[in-house]
Every structure is written in structure tokens, then in C-alpha cells.
Amino acid sequence: MWLFILRRVASTVPVMLIVAVVIFAMLRLTPGDPAVVIAGDQATAEQIARIRASLGLDLPIHEQFVTWIVHILQGDLGTSIFTNMPVSTLIGQRLEPTMMLTLTTVIFSVSVAVPLGVWAAWRAGTWTDRLIMMFSVLGFSFPVFVLGYLLIYQFGLTLKWLPTQGYKSPFTDPLGFASTIVMPTITLGMIYIALVTRITRASVLEVLGEDYIRTARAKGQVERKVLFRHALKNAAVPIATIIGIGIALLIGGAVVTETVFNIPGLGRLVVDAILRRDYPIIQGLILVFSFTYIIINMLIDIAYTMLDPRIRY
Amino acid sequence: MSLTASPSPVADRPSRGRALMDLFRHNPLMMLSAVILLVLVLAALFAPYLGTVDPRKIGVLRRMAPPSAQAWFGGDQLGRDLWTRALYGARVSLMVGSVVAVMSISIGLLIGMVSGYLRAFDAVIMRIMDGLMSIPGILLAIGLVSVSGASFLTVTVAIMIPEIPRVVRLVRSIVLTVREEPYVEAAIAVGTPVPLILWRHILPNCVPPLIVQATYVAASAMLTEALLSFLGAGTPPEIPSWGNMMAEGRIVFPIAPWIVLIPGCTLAVAILAVNVLGDGLRDRLDPKIAKRM
């Protein structure tokens with residue numbers, strides 16, 4: 001067991017290293033001079049030189065790489081060109097809203113999607129199933145921001161039920177938090193619900209054909225218990241996996257959702273950085289988001305290996 | 001067993017055209033999607049002749065005008081005609097969708113076949129793909145656009161790169177299954193050169209799932225292009241695209257919601273149509289996956 005955990009943790013190191021190399025290469029191997037692009041059209045030669053020096057682009061490439069990796073390991077993600085503040089500090093300031101939004105979205109989506117998927121599998125082939133699956137295709141296709149604006153239009157502007165912009169911290173203003181987080185959560189959750197519903201339906205459907213389901217029904221087990229205790233429990237691994245993989249969708253979606261609802265989180269940090277051509281921030285955030293994604297998926301892997309005795313390691 | 005006497009199952013199969021027609025007849029939603037896409041393609045092609053004006057022309061009277069008989073989709077806050085801009089925006093969206101689909105499928109196919117068939121490269125290629133897949137696609141694209149400057153080409157490449165690993169994985173998994181088939185072993189036994197095996201035996205098995213995958217890539221690329229443009233890291237603002245239109249209308253949304261909602265809903269319908277088409281093709285071309293999904 002401990003050996004497995006150790007191996008799984010170790011296996012993330014090469015992936016993280018490759019992510020670091022890709023992000024490093026992005027700036028250095030792009031055709032043209034990135035310093036000129038980042039500096040913008042109206043930049044003077046000095047400004048370009050300053051950006052080149054601050055990004056370390058004037059050093060030999062292997063030296064750049066070693067310094068960069070050493071800095072990352074020390075928690076130094078570089079310095080913002082625009083504000084001159086360390087990127088890690090800026091990320092720390094904006095972390096809370098994004099984490100809260102992601103958390104509410106995962107909780108909301110999973111608690112909607114899993115029962116929906118089980119229901120669709122139970123009613124496979126009927127109109128209920130088809131309706132749920134159609135909703136899932138719709139959820140996949142509906143762009144996050146379009147849904148966000150439709151919700152703002154309907155519930156914010158027309159019915160005036162909910163505030164349309166901003167974010168309140170749950171620690172200082174729980175009620176304000178609840179009212180501002182509802183629409184962003186639904187917006188961001190849509191595609192995630194679609195994904196998890198689809199996988200839940202597929203894996204439960206597969207399990208429902210097993211002998212032990214027939215046995216459970218034959219002994220007179222209540223249908224609800226057959227579905228949730230016997231079927232869902234045995235179908236849990238692919239569902240847990242997709243919940244982890246879907247985090248990547250959430251990260252991309254959070255950037256957009258925060259822009260639509262004007263939430264001062266990491267997504268807004270990215271968008272502001274794009275407008276100000278503040279490349280170190282963009283680079284730092286890509287790194288942080290990717291590493292978070294890798295670590296979450298590692299934890300999920302470890303969790304279900306420990307919980308599911310069928311998986312040997 | 002005589003080869004001539006038994007009726008060949010191949011001969012009884014309806015022609016490809018017939019099969020396609022049947023597919024559409026049995027699936028009205030798919031038919032509808034195909035029609036919607038056809039209309040969009042025609043609208044994009046003939047944009048200058050469909051009651052449009054210059055997409056950059058500013059008309060003071062059209063400024064934030066709601067949809068009306070004169071301006072069908074209304075005007076934006078600068079007074080540009082939204083009907084015109086929506087049609088020209090279709091050009092960008094469909095172009096990005098199809099170019100990214102074709103390019104990422106071709107590149108992914110090549111890498112996937114090499115990785116699946118030549119064991120020596122497999123580990124290295126797959127680790128690189130794992131790394132690429134760990135970076136959220138939109139962020140990778142934002143990063144690529146911000147170091148190379150926004151143009152149609154850079155945006156297309158930036159959207160394409162995050163799509164490639166998924167294609168590589170799909171192709172590799174097919175190759176790994178197919179290479180164990182007796183006919184491939186036979187080909188190896190008689191000394192067929194590797195490129196010929198890949199071309200004649202492996203490639204045909206990859207085509208049906210890749211056609212399905214291409215539709216999903218196209219839908220995802222259209223979505224990413226709009227997202228990037230909306231966030232300010234996509235198609236340059238002087239080119240009308242659905243994402244740009246939404247970004248520009250964002251500030252005036254409470255007073256002129258149609259500026260955002262019209263391109264947004266057009267985008268949603270277009271992506272939905274591509275996805276429904278893909279699902280229909282999947283059910284037909286790839287019954288094994290269809291059953292599982």
C-alpha cells in the first residue's frame with residue numbers, strides 16, 4: 001500500500017517536469033522575439049530590453065532553464081511586469097474566490113449529476129433517459145459565458161432576484177456570499193454536470209447487467225438500495241476518475257465565469273494580465289493550475305485504490 | 001467452402017450515399033443539425049450578399065439600436081450592424097473549427113501511429129502528451145497567443161496544440177489493438193515494410209473513430225476561439241468574430257443585452273449542431289463506443 005502511494009506520488013514528478021518544460025519552451029521557442037510581442041506595439045527599445053532582462057531572456061538557454069526550475073522549487077514564480085509584485089503574492093491574494101467557486105461548483109454538480117446519471121441508467125432506453133441525455137449534450141455545447149449572460153439577463157436584470165456582479169467572502173458576509181455565488185456556480189457547473197451525468201449513466205448501466213444486481217433484486221432488495229448501494233458503489237471508479245479529469249474543464253471555465261460575473265479571482269488575474277501583457281503572471285498561473293490538476297488527480301487515484309479492494313497495486 | 005457460391009455480404013450493403021441518407025432519415029435531430037450547419041456555411045460564404053453592409057462601418061443611428069426591420073440584429077455601441085458582424089463572425093468560427101479539426105487530426109494521427117507501432121518512441125511521446133494534457137487547454141492557448149501575438153494563424157495553432165494529445169491517445173489505443181490482429185501478424189511475417197503496414201492495415205481502422213473525433217474537435221475549437229476572443233487573447237479585435245462581439249458588448253450588457261446574446265446564442269446553436277452531428281456519426285460508425293456512451 002505505502003509502496004503504491006509512493007510510486008503514484010513519484011509518477012507525478014516526470015509529468016510536472018514536462019509541464020514545466022512545455023511552459024518554459026512556450027516563451028523561448030515561439031518564432032519571433034517574445035520580448036517584442038510582450039512589450040507591445042508602442043514600446044521603446046529600452047522597454048524591450050528591460051522586459052528581456054526581467055524574463056531572463058538574455059542568458060544562455062540552459063542557464064535560463066536551471067534558474068527557472070530552481071526558482072519554482074523555491075516558490076518563486078517570477079515578478080509581475082506591471083505591478084512589480086511577486087506573482088506568488090498576487091496569486092495568494094486572488095486565491096479565495098476561485099477556490100470557493102470551484103468548491104461550490106464541484107459539490108453542486110456532483111450532487112446533481114450522479115443521481116441524474118443513475119436515474120438515466122435505471123430508465124435506459126425510455127424517454128426519461130433520452131431527455132437526460134439530450135440535456136447532457138446541451139450542457140456540453142452551451143458555452144459557459146452564454147449561459148452566464150442568459151442567467152444574468154433572466155434572474156438578475158428581468159426578475160431582479162440575484163446580484164449580477166461581484167463576490168463576497170463567506171467568512172465575512174455569508175449571506176452575500178450565498179447570493180453572489182449561485183449564478184456563477186450554475187454557470188460553471190453546467191458542462192461538468194453534463195460530463196459526470198454521461199459517465200455515471202454509462203458505468204452504472206454496465207454494472208446493472210451483473211449477476212449480483214439480479215441477486216439483489218431476487219432477494220427482494222428495495223430498488224433504491226439496489227441502485228445506490230449495489231450498482232453505484234461498484235461503478236464508482238470511472239465516476240471518480242472523470243470527476244478528477246473534469247477539473248481541467250472547471251479551471252478553464254472559471255476564468256470565463258469570473259469575467260462574466262466580475263469575480264476578483266485567479267481568472268480575473270489572467271484576463272487582466274492578458275490586457276496588460278503581463279506574461280510572468282500568465283506563465284505562473286498556467287504552472288499553478290496545471291500542478292493543481294496533476295495533484296488532484298493523483299489524490300483521487302490514491303483514494304479509490306485505497307477504497308476499492310478490487311484494484312491491486 | 002466455395003468463394004463464388006456464397007452470396008457476399010459486401011454486395012448486399014447499401015451504397016455509402018444510401019447509408020448516409022438512411023442515417024439522416026432515422027435521426028431527425030441530426031438532419032436538423034446538418035441543415036443548420038449548411039445554412040451557417042452558406043451564410044459565411046455569401047456574407048457580402050445577404051443584406052449586409054461593411055462590418056466595420058459605423059452608423060450613428062444604429063448605435064445600440066434594438067433589433068428592428070432596418071437592422072435585423074440591431075447595432076452595437078459603436079453603431080456597427082450586428083447582422084453583418086454575426087455573418088462575418090460565422091466565417092471565423094467555421095474556419096477555425098474546420099482548420100483545427102483537420103490539422104490536429106492529421107498531426108495526431110501521425111504521432112499516434114508512430115507511438116503505437118514503434119515501441120522505441122512510445123514512452124517518450126506519451127509522457128510529453130501526458131504533460132500537455134495536464135495543462136488546461138484554454139490556459140495553454142492563452143499563453144501561446146500572448147507570447148506570439150494575436151493573429152488568425154497564431155490563434156489557430158494555439159487552439160490546435162491542446163487538441164492534439166487526445167487524438168494521439170485515441171489513435172495509439174487503436175493501433176495497439178489492431179497490431180495484435182492476425183492479418184497484421186501475417187503482414188509482418190511476409191516482410192511487409194512498416195510504412196506499408198501502417199498505411200494498408202492500421203490506417204483504415206483509425207478512420208471511422210477519427211471522423212467522429214474530428215466533429216468533437218471542431219466543436220471544441222469553435223468554443224475555444226470564442227472564449228479566447230471574449231477574454232481578449234483571441235482573434236484580433238478588427239476582425240468581427242462572435243467572441244469579439246460578446247467582449248465588446250460586455251460593458252453595456254444591462255442596457256443592450258442583445259449585443260452579447262445574439263452572437264452568444266448563434267455560437268451555442270452552431271456548437272450544438274456540430275456535437276449532435278458527431279453523436280449521430282458515432283452511433284453509426286463506432287457502434288462499440290456508442291453502446292458504452
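Each chain gets a letter, A, B and so on, in the order its sequence line appears, and its residues count up from 1.
Heavy atoms closer than 4.5 Å to chain B are found in the side chain of Ile23(A), but not in its backbone. Heavy-atom distances place both the backbone and the side chain of Tyr153(A) under 4.5 Å from chain B. Of the two parts of Leu227(B), the backbone and the side chain both hold a non-hydrogen atom closer than 4.5 Å to a non-hydrogen atom of chain A. Contact annotation for Pro257(B): only side-chain heavy atoms (C-beta onward) come within less than 4.5 Å of a heavy atom of chain A. Within the 4.5 angstrom heavy-atom criterion, only backbone atoms of Met133(B) (N, CA, C, O) approach chain A. In this structure, chain A has a heavy atom under 4.5 Å from the side chain of Leu261(B), while its backbone stays farther away. For Leu147(A), no part sits under 4.5 Å from any heavy atom of chain B, backbone or side chain.
Across all their heavy atoms, Leu267(B) and Pro143(A) have their closest contact at CD2-CG, 3.6 Å. Between Pro254(B) and Leu157(A), the shortest heavy-atom distance links the atoms CA-CD1, 3.7 Å. Closest non-hydrogen pair, Ser141(A) versus Asn275(B), comes out as OG-ND2, 2.9 Å. The minimum heavy-atom distance between Phe289(A) and Pro136(B), with the atom names listed, is CB-CG, 4.3 Å. Nearest heavy atoms, Ser134(B) versus Val15(A): OG-CG1, 3.4 Å.
Atom OH of Tyr293(A) is separated from atom CD1 of Ile135(B) by 11.0 Å, given to the nearest 0.5 angstrom. Here the straight-line distance linking atom CG of Asn262(A) with atom CZ of Arg250(B) works out to 7.0 Å at 0.5 Å rounding. Met133(A) contributes atom CE, which lies 10.5 Å from atom CG of Asp279(B) (distance to the nearest 0.5 angstrom). For the atom pair CZ (Phe145(A)) and CG (Leu231(B)), the distance works out to 8.0 Å, reported to the nearest 0.5 Å. Here the straight-line distance linking atom CG of Leu223(B) with atom CD1 of Ile191(A) works out to 6.5 Å at 0.5 Å rounding.
By the 4.5 Å heavy-atom criterion applied to side chains, Gln283(A) and Val147(B) are not counted as neighbours. For the pair Val22(A) and Leu132(B), the minimum side-chain heavy-atom distance is below 4.5 Å. Val137(A) is listed as a side-chain neighbour of Leu272(B), based on a closest heavy-atom distance under 4.5 Å. Within the 4.5 Å cutoff, the side chain of Val255(A) has heavy atoms near those of the Leu139(B) side chain.
Relative orientation of the Phe230(B) and Tyr149(A) rings is perpendicular, given thresholds of 30° and 60° on the angle between their planes.
Ranked by heavy-atom pairs under 4.5 Å with chain B, the list Val144(A), Ile282(A), Asn297(A), Ile247(A) is led by Ile282(A). Counting heavy-atom pairs closer than 4.5 Å to chain A, the top residue among Thr224(B), Ile138(B), Asp130(B), Leu144(B) is Leu144(B). Contact tally against chain A (heavy-atom pairs below 4.5 Å) for Cys265(B), Gly232(B), Ala270(B), Gly143(B): the top residue is Gly143(B). Among Ile286(A), Leu287(A), Ile294(A), the residue with the largest count of heavy-atom pairs under 4.5 Å with chain B is Ile286(A).
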